[in-house]
Amino acid sequence: RGERLVDDSYLVLLNGGHQNTRFRLPDEKWAQTYELVVDTAIGYTAPAPGLLEGVLLNAGDDFDLEARSLVVLRKTE
């Protein structure tokens, strides 16, 4: 219908290996901060929007990604 669609942007980190690895988040060109939405290594799922604040990470931070885990981060403004 020609309507503009706007949605959140996500960054998905996947470590299928048997060892932990360190991942550096993209710099400020992509996002200033990232909110942790899902982390399968610790069983974390972010609270529903508007209820509580989630875990925030800064652009350029190092993130330790556990072996055989998946992390989903949401771009914040």
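FYI, the numbering just counts along the sequence from 1.
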Query raised in the report: If you look only at pairs with a residue in residues 13-25, which of them pass as a salt bridge (Lys or Arg N to Asp or Glu O under 4.0 Å), with sequence neighbours excluded?
Result: R22-D64, R24-D62

Query - Sequence neighbours excluded - salt bridge (Lys or Arg N to Asp or Glu O under 4.0 Å) pairs with any residue from residues 10-21 - result: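 Counting only pairs at least two positions apart or across chains, no salt bridge (Lys or Arg N to Asp or Glu O under 4.0 Å) contact touches residues 10-21.
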
**Report entry** Where A67 and G17 come nearest, the two heavy atoms and their spacing
**Finding:**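 Residues A67 and G17, closest heavy atoms: CB-O, 3.5 Å.
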
Query raised in the report: Looking only at heavy atoms, what is the nearest atom pair of K75 and A31, with distance?
Result: CG-CB, 3.4 Å

Query raised in the report: Can you name the side chain to side chain donor-acceptor pair (under 3.5 Å) partners of N20, sequence neighbours left out?
Result: E66

Report task. Could you pull out all residues at least two apart from T21 that satisfy side chain to side chain donor-acceptor pair (under 3.5 Å)? Result -> none

Query raised in the report: Applying side-chain hydrogen bond (donor to acceptor under 3.5 Å, both in side chains), which residue pairs with at least one partner in residues 8-18 are found, sequence neighbours left out?
Result: Y10-R74

Query raised in the report: Is there a side-chain contact between L73 and V37, using heavy atoms and a 4.5 Å cut-off?
Result: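 Side-chain contact under 4.5 Å: no.
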
Query - Pairwise side-chain contact, V55 with D39, heavy-atom cut-off 4.5 Å (strictly under) - result: no

What pairs with [X] under side chain to side chain contact (heavy atoms under 4.5 Å, CB included), at least two apart in sequence or on another chain?
| X | result |
| --- | --- |
| A59 | E28, Y34 |
| L14 | L70 |
| N58 | T33, D61 |

Query raised in the report: Applying the side-chain contact (heavy atoms from CB on, under 4.5 Å) test to V38, which of V72, V71, V12 qualifies?
Result: V72

Query raised in the report: Quick one: CG on L11 to CG on L57, what's the gap to the nearest 0.5 Å?
Result: 10.0 Å

